[in-house]
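Structure, as structure tokens:
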Amino acid sequence: MSDKTYFDPKDLKKFGDITEFQEKMGQKFFTWYNEVFKEGALTVREKNLIALAVAHVVQCPYCIDAYTTASMQSGCDEEQMMEAVHVGAAIKGGATLAFSVQMMNHVKKMS
Amino acid sequence: MGIKQRSKSLLSQKSELADPQFQLQVINGQDSKKDFTKFEDNLAQSGHYPLTVSKLEIFQINLGKMCNQSCAHCHVDAGPDRKEIMTRENLEICLDILRKHPQIHTVDLTGGAPEMNPHFSWFVESCAEMGKKIMVRSNLTIIVSNPKYHYLPEFFAKHRVEVISSLPFYSAKRTDKQRGEGVFEDSIRAIELLNNQGYGQKDSGLMLHLVYNPSGAFLPGNQLSLEAEFKRQLARRHDIVFNNLLAITNLPINRFLDYLVANDNYEFYMEQLLDAYNPATIDGLMCRNTISVSWDGFLYDCDFNQMLDLKTACTSQHIRDFDVRSLEERAVVLGQHCYGCTAGAGSSCGGTIT
């Protein structure tokens, strides 16, 4: 069996290389990205926790690795990180369940 | 409550890593598949090689490797089983050096648990009489470990000792994982006692700094942000205060190196250190104004070189042959572990550099 997978942790380091195929847009993205994660109305720590939750929701393995490290570096503990993931999961689960209103509406219209 | 030791010293485990020569082989990449750029080459590229020293101002003394704790990441490989202790004779030589060199304004006492040296209080009093600034790197739990150490908070306050204490995290779980079960609870009690003496309190002038070092194979984040979070959490949960948080990077030596190797994290960690190499930290490196003295009186560029037995590269290698001119003209002995002090915002015994 091949040990190749779609996701290679080493590829995280190549993220900056996306400018190779479209430099202008790539550069603009990284300028914006770096601005987003600076200390602002929210602390870097708070932003890292939000990013960690979103990383799980969008199921990006690179982002999970990157923002687990960033969350730990910025002083989050395990409990806070898991609570952040629960927040993401609750919104994702809640969003699925919220669609059930449409199902219920349809059932009620049909019967 | 008592402390349940987290680990044993490498020496008592009879680990190969207890030998500084073997550690150097690992650090210098003998068994590594990756070829990490030599630290000296990076220094040369930014025009800082050889690394020279500035004025000698801080005298850091390791009073012994004996400690009541046995932390997982200890760079000294200290513990209750270590018996190395600085003798009164060597301490008297240190006092003589301090007396003759007014330019050395600060005495930085470390260990092990420096308070376990039987001559500790006499030595602190002698330094205080000379008007030196005294810093003690206390593990905190020693204060509540035994009634014979209960005098320490009042004694520190009397001599205006600056207390610098490791507290790797503001929660028990992560602190105890690194330092031993029960350490967090005892540390909080000790900080309460120090706070009662005025330590960390506004306008008291009694300084209590906490040392944060990451609890795994990652680098510390922004020191000021971490300090704000520590202050908020420790005040909210335990009603305790402190002055500054010093964020220190773990250097890949002794028990932290053992941890990295055992968990297959060594190359991953070295990659992080190299990626974060920051030449702007070089001017502020502690080896440039500090001399490190081992329990048996030998001289080193820093505490880490001491643990790797890399003595000063000059004729003055022992307190008996202390010669400030020779020491100030020397070049610092370098190795791959030095990347730990130049990563990101830099790291020193005083926290981040830039």
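Within every chain, numbering begins at 1; the chains are lettered A, B, ... in the order of the sequence lines, protein sequences first and strands thereafter. Note that the coordinates shown come from a computational prediction; the quantities given were computed from them, not determined experimentally.
For the atom pair CG (B:L219) and CG (B:N250), the distance works out to 9.5 Å, reported to the nearest 0.5 Å. Atom CD1 of B:I191 sits about 11.5 Å away from atom CG of B:D186, to the nearest 0.5 Å. Of the inter-residue distances, the one linking B:N68 atom CG with B:I142 atom CD1 reads 4.0 Å to the nearest 0.5 angstrom. Atom CE of B:M270 is separated from atom CD of B:E267 by 10.0 Å, given to the nearest 0.5 angstrom. The structure places CZ of B:R179 at 6.0 Å from CG of B:N139, a figure rounded to the nearest 0.5 Å.
Salt-bridge check for B:R174 with A:D77: failed, with every basic side-chain N at 4.0 Å or more from each acidic carboxylate O. A salt bridge is defined here as a Lys NZ or Arg NE, NH1 or NH2 lying under 4.0 Å from an Asp or Glu carboxylate O, and B:R137 with B:D108 meets this definition. With respect to the salt-bridge test (charged N to carboxylate O, under 4.0 angstrom), the residues B:K231 and B:E227 qualify.
For the 3.5 Å distance criterion, the side chains of B:Q23 and B:N254 qualify, holding a donor opposite an acceptor.
For the pair B:D176 (side chain) and B:F184 (backbone), a donor-acceptor distance under 3.5 Å is present.
Close approach to chain B, defined as a heavy atom under 4.5 Å from one of its heavy atoms, is seen in A:K13 of residues 8-33 of chain A, taken by number. Interface with chain B: from residues 36-47 of chain A, residues A:E39, A:R45 qualify, criterion being any non-hydrogen pair under 4.5 Å. Contacts between residues 83-111 of chain A and chain B, counted as heavy-atom pairs separated by less than 4.5 Å, involve no residue at all. Of all residues spanning residues 337-354 of chain B, none has a heavy atom less than 4.5 Å away from chain A's heavy atoms.
Annotation for A:E79: atom CD does not count as buried by contact number, only 12 or fewer foreign heavy atoms lying within 6.0 Å.
Note on ring orientation: taking the six-membered ring where Trp is involved, the planes of B:H73 and B:Y259 are tilted (angle from 30° to 60°).
Contact of the B:N244 side chain with the B:L210 side chain is not registered, since no non-hydrogen atoms from C-beta on lie closer than 4.5 Å. Side-chain contact between A:M81 and A:M72 is present, with heavy atoms from C-beta onward closer than 4.5 Å. For the pair B:H209 and B:F242, the minimum side-chain heavy-atom distance is 4.5 Å or more. The side-chain heavy atoms of B:F36 and B:E271, taken from C-beta on, include a pair separated by under 4.5 Å.
Heavy atoms closer than 4.5 Å to chain A are found nowhere in B:P214, neither backbone nor side chain. Neither the backbone nor the side chain of B:F230 comes within less than 4.5 Å of any heavy atom of chain A.
For the side chain to side chain contact (heavy atoms under 4.5 Å, CB included) with B:V26, the qualifying choice from B:D258, B:I253, B:L257 is B:L257, the only one to do so.
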